[in-house]
There are 2 protein chains.
Amino acid sequence: MARAGLTTERLTQAGAELADEVGFDHITLSALARRFEVKVASLYAHVTSSQDLKTRITLLALQELADRAAEALAGRAEKDALIALGNVYRDYARKHPGRYAAMHFRLDPETANASAGVKHSQLTRAILRGYQLSEPDQTHAVRLLGSVFHGFATLEMEGGFSHSLPASQESWSRALDALDALLRNWPTPK
Amino acid sequence: MARAGLTTERLTQAGAELADEVGFDHITLSALARRFEVKVASLYAHVTSSQDLKTRITLLALQELADRAAEALAGRAEKDALIALGNVYRDYARKHPGRYAAMHFRLDPETANASAGVKHSQLTRAILRGYQLSEPDQTHAVRLLGSVFHGFATLEMEGGFSHSLPASQESWSRALDALDALLRNWPTPK
DNA sequence: GCCAAAACCTAATAATATTAGGCAAATGCC
DNA sequence: GGCATTTGCCTAATATTATTAGGTTTTGGC
């Protein structure tokens, strides 16, 4: 009989799609095997374990998002850059909820360090170039931006903002306005 | 032989402790049964399913956190209240990572509506009384505060801030300063 | 002490993860 | 083009977990 043509890459890609459909927490090797019309044991020639698959999906998501972020930031500065980066995160979370969740899967330190995850903070730091912030305020600002982007995306994804008006899009725009105002006038502790 | 004295409440409580130890995603009825030195099937007299246990842990966490938030806000206003509420969230996430994660377990709408979850946004809204914001800016601000609290707590819990200086505590203080400054001078879109 | 209800158990089924070892299909060498 | 080898996928077996059905034993009220 014809072969399915499994490869590590194809499994990772299909795993990412599966995650977007059923949620990262609910992906299984069984479901993935079913999708390829293949027996579960066959997958073990390409991934070493369920954990391995999840790790690969995580790395894929981190890379995809870093690439989109880098592209979005090209040629933009200040508020333009801030809005672009924020939208990349939010849009990715909305379109790819499973992959977005994958990015918060715990990786072992070496894997994490070799991942595109490190690019994320670098890219966030890059948009601060347009604002006048020096260390250590830059680091504080990077962490605050990361918190807002991640927090908003997560809460919105969970439906936390969908049961009341105004529409969450409105709050998002205002959050970006607020962050811009903040970076433009970063408070110094007294 | 002596009986273990299982009740729904004790299972929920032990489940919450287990979640704090191994992570909410990794709690199992088997592990819980082991902890009580009881067979797994015995648990089904007190919880209807694994899903049911998780739901109960979620409700417990939402309630605990709402109670702590309410207590922390009593007699405080403005920045004092903001700091107190933020710290309640952050401290809870640090001390009870499993329960904190439980709060983002998907509940069916009716359960969610009957939960202490609704109190959270009310309490957040309460601290805005000290600042001069009217609708719909209040809602935008509630959502922003929620995003920062949740985002920061999550990223810190994952160790996202632990591999670089300054210490995350410092960034947290500065984030609260920033939010206070923002609420005091909420930008209007042009 | 007796007896109902409650608490816990054994047994059986099903889904998933994982390992070991087998056969067949594709690949490369002559 | 035929053959050997590698590789891809399979069957089979084991372990863990979730869940249901139905059987005992404990316990508290009388």
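Here is the naming used below: chain letters follow the sequence lines, and residue numbers restart at 1 for every chain.
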Review point. How far does CG of B/Asp108 sit from CD of B/Gln51, to the nearest 0.5 angstrom?
Key: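 So the CG of B/Asp108 and the CD of B/Gln51 are separated by 8.0 Å.
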
Practice item. Give me the ring orientation class for B/His120 and B/Tyr89: parallel if the planes are under 30° apart, tilted from 30 to 60°, perpendicular past 60°. Key: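 B/His120 and B/Tyr89: perpendicular rings.
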
Measuring to OP1 and OP2 of [N], would you say a side-chain N or O of [X] lies under 4.0 angstrom away?
X       : N      : result
B/Ser42 : C/dC9  : yes
B/His46 : C/dA6  : no
B/Ser50 : D/dT17 : no
A/Arg34 : C/dT16 : yes

Protein-nucleotide distance ([X], atom [atom1]; [N], atom [atom2]), rounded to Å:
X       : N      : atom1 : atom2 : answer
B/Leu43 : C/dC8  : CG    : P     : 10 Å
B/Lys39 : D/dT16 : NZ    : P     : 13 Å
B/Leu32 : C/dC8  : CG    : P     : 13 Å
A/Leu29 : C/dT16 : CG    : P     : 10 Å
B/Asp52 : D/dT20 : CG    : C1'   : 16 Å
A/Leu53 : C/dT18 : CG    : C1'   : 14 Å
B/Lys54 : D/dT19 : NZ    : P     : 9 Å
A/Glu37 : D/dC10 : CD    : P     : 10 Å

Practice item. Count the heavy atoms belonging to other residues, nucleotides or ligands that lie under 6.0 Å from CD of B/Glu37, then report whether that count exceeds 12. Key: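 Open: at most 12 neighbouring heavy atoms sit under 6.0 Å from CD of B/Glu37.
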
Practice item. Might you confirm whether atom CZ of A/Arg184 has over 12 heavy atoms from other residues, nucleotides or ligands at distances under 6.0 Å? Key: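 Buried by this count: over 12 neighbours within 6.0 Å.
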
Point to revise | Shared hydrophobic cluster, B/Tyr44 / B/Ile57 (ILVMFWY, side-chain heavy atoms < 4.5 Å) | key: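 Looking at the clustering, B/Ile57 is in the same group as B/Tyr44.
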
**Study point:** Given D/dC10, D/dT17, D/dT19, the nucleotide with the shortest approach to the side chain of A/Val38
**Key:**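 Nearest listed nucleotide: D/dC10.
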
Review point. 5'-most contact on DNA chain C: A/Ala31 or A/Ala41, nearest heavy atom basis?
Key: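 Result: A/Ala31.
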
